[in-house]
Amino acid sequence: MTKNTGTPAASGITLEVISKPAAPARADLLAVPLNSRELKKIGPAALKALGLEAAVLEDFKGGAGEIALAYRPASAKGAARVALLGIGEGRSNDDYRKAAEALSRKAGELHCATVVLDCAGIAGWATWARRSPAYLAGVIAEGVAYGSYRFDRLKSGKLDKKKKADEGKPKSISKLVLAGCGGLASEVEAGAEAGLVVGTCQNRSRELVNLPGNLLSAEDLAEAAREAGRRGGFDVTVFDRKRITELAMGGLLSVNRGSQNPPTFTVMDYRPEGKARKTVALVGKGITFDSGGISIKPSAGMDEMKSDMAGAACVIGVLEAVAKLALPLRVVGLVPATDNMPGGSAMTPGDVITTMSGITVEVGNTDAEGRLILADALTYAARELEPDVIIDLATLTGACIVALGMKVAGLFSNDDDLAEAISKSGQAAGEKVWRLPLWEEYAEQIKSDVADVSNTGSKGAGTITAAKFLENFVEGHKHWAHIDIAGPAFAAKGGTSSGGSGFGVRLLVDLLQSWA
């Protein structure tokens, strides 16, 4: 049972699932998962079976993602290097996801190409976590793919003194072996294959977010969608400036006025074989670089504004994953894209623009541009697609970071059942959201004296007034949700996994799978 599911910026991960025990299997690294609850009970016996002393456990507590390295005698069969891998209490998806990501990162640090993970206990793990073995295998494989990601495509290596010493050594896992699965091997394989698909597509999203603005224009983002369509087998149509103008997308055109690069509007359409159970429209904000326009941003941290297309990157990744998983849903991804620059022709504060919906907008601040391009995309979704559900994702407001921090996204919806489903999927996927209100009182803050609505609100509740603005453009659709991913979409430099996170890919795939 061997399959190759490639990851970006790497040679790919080959998956092998075997029934036989893990210990004798040939590998650069053997990982033995241990949970914190039963560590003292089963740990010594597990180590003895591997020819290791129980003293290794003295500094190992079994916390999720904790790793202790040990080395077996050279005469032993299988891997000489063993990683004791903590899975915490093994109760939550996050326990296994953290463990898998940590293992993958450690394997990269140690230049281990082939990693064997002992899955003899997967039936017990499934019982503790109240999940199926296939589901947990998917979480593990997805975590391994996520942890293997490196953004190093722009490094020449000419100043890297270690390059010569590391030349030819693997930078990440190329083969993952799930061993000791016994009679569950087929089930584990199916789950792990799906997990690798999701992890790979999430990494593709991260790759797009990490690219600097000079290497990712709106046209480049559209081409990335085309490439995803070729890999996944779904239709991609890209509207140019002429077509965008014909559609009267005044929000997108106005934001693009200061740019030297033309805007694009990309429609990705996945249709399953047979009748679709639902039609879902996903809208992703695609500001490839946000200077703030005439209302220019402070220089500190402006380099991170290359990530202002994280919503678009997420939608592209989700469409590819859905297509490869062959879900019985029609999913349409919409990406309005441009950069936001302070050129001589740029939109200015005080301008009044007319959106595709016909609603006029007074521009109070050109740095509140994301909602303008989303307004046109939401109107297009509601009018042209007549979907059962509309969900948009956007790095929309700094106010959401103030409210919820860097780990949690803001959720708004006019449908309680939809909001509950998204929250549930966020918990399962490890991409948490928190629902905020859309009460009518907030509409007062975005009233305009000269137009139908203003793109900025009065002081306070900035993330809510932004969502309230978007609500005007869904054409009365009763099943709409907005997810503000400003915090979790991009991690600052210096962390374990800095840069684009691909936030939203796991969440939305889990949600769509629940409807499938």
Side-chain angles (χ1 to χ4, degrees), residues 2 7 10-18 20-36 39 42-88 95-122 125 137 140-141 143-150 162-181 192 196 496-497:
T2 303
T7 56
S11 59
I13 295 180
T14 300
L15 173 68
E16 184 176 357
V17 179
I18 59 177
K20 296 178 181 179
R26 291 187 178 182
D28 299 311
L29 178 64
L30 168 63
V32 180
L34 295 168
N35 73 65
S36 57
L39 184 60
I42 67 173
L47 291 176
K48 186 177 180 181
L50 293 169
L52 298 171
E53 297 294 329
V56 178
L57 296 173
E58 289 182 8
D59 297 319
F60 179 74
K61 306 300 181 186
E66 183 183 354
I67 292 177
L69 287 175
Y71 296 86
R72 302 167 71 194
S75 58
K77 290 183 179 180
R81 188 188 283 117
V82 178
L84 305 186
L85 179 63
I87 56 173
D95 285 342
Y96 298 95
R97 188 175 287 115
K98 287 178 183 177
E101 289 179 18
L103 173 63
S104 192
R105 286 193 292 269
K106 178 60 71 174
E109 292 170 12
L110 298 173
H111 305 291
C112 297
T114 301
V115 174
V116 173
L117 181 64
D118 187 349
C119 289
I122 196 164
W125 306 343
I140 290 167
V144 168
Y146 192 91
S148 72
Y149 176 76
R150 306 285 184 278
K162 287 183 63 182
K163 185 187 176 187
K164 207 164 190 179
D166 291 341
E167 201 166 337
K169 294 180 181 179
K171 295 180 180 179
S172 60
I173 294 176
S174 59
K175 183 176 182 180
L176 173 65
V177 181
L178 303 182
C181 299
L196 279 182
T496 304
S497 183

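Keep in mind it's a predicted model, so treat the numbers as computed, not measured. Count residues from 1 along the sequence.
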Can you name the nearest heavy-atom pair linking [X] to [Y], along with the distance?
{"X": "P33", "Y": "D118", "value": "CD-O, 3.3 Å"}
{"X": "T114", "Y": "R26", "value": "CG2-O, 4.0 Å"}
{"X": "A145", "Y": "L196", "value": "CB-CD2, 4.0 Å"}
{"X": "A79", "Y": "A27", "value": "CB-O, 3.4 Å"}

[X] side-chain N/O to [Y] backbone N/O, donor-acceptor pair under 3.5 Å:
{"X": "S104", "Y": "E101", "answer": "no"}
{"X": "R72", "Y": "L50", "answer": "yes"}
{"X": "S36", "Y": "G88", "answer": "yes"}
{"X": "R150", "Y": "S148", "answer": "yes"}
{"X": "D28", "Y": "A113", "answer": "yes"}

| Given the rule in the salt bridge (Lys or Arg N to Asp or Glu O under 4.0 Å) test, do E66 and K61 qualify, once you have shown the distances and angles that lead to the verdict? | CA-CA 8 Å; E66 183 183 354; K61 306 300 181 186; over 6 Å; no
| field | From CA spacing to verdict: side chain to side chain contact (heavy atoms under 4.5 Å, CB included), V82, V56 | value | CA-CA 11 Å; V82 178; V56 178; over 6 Å; no
| field | Point-to-point distance, once rounded to the nearest 0.5 Å, from CG of L176 to OG1 of T14 | value | 9.5 Å
| Distance (rounded to the nearest 0.5 Å) between Y146 OH and K98 NZ | 13.0 Å
Is there a side-chain contact between [X] and [Y] in this structure, where contact means two heavy atoms from C-beta onward sitting under 4.5 Å apart?
{"X": "V144", "Y": "V115", "result": "no"}
{"X": "I140", "Y": "L103", "result": "no"}
{"X": "L57", "Y": "L84", "result": "yes"}
{"X": "L39", "Y": "F60", "result": "yes"}
{"X": "E16", "Y": "I18", "result": "yes"}

| query | Hey, which of L30, L85, V177, I122 is the one that makes side chain to side chain contact (heavy atoms under 4.5 Å, CB included) with L117? | reply | L85
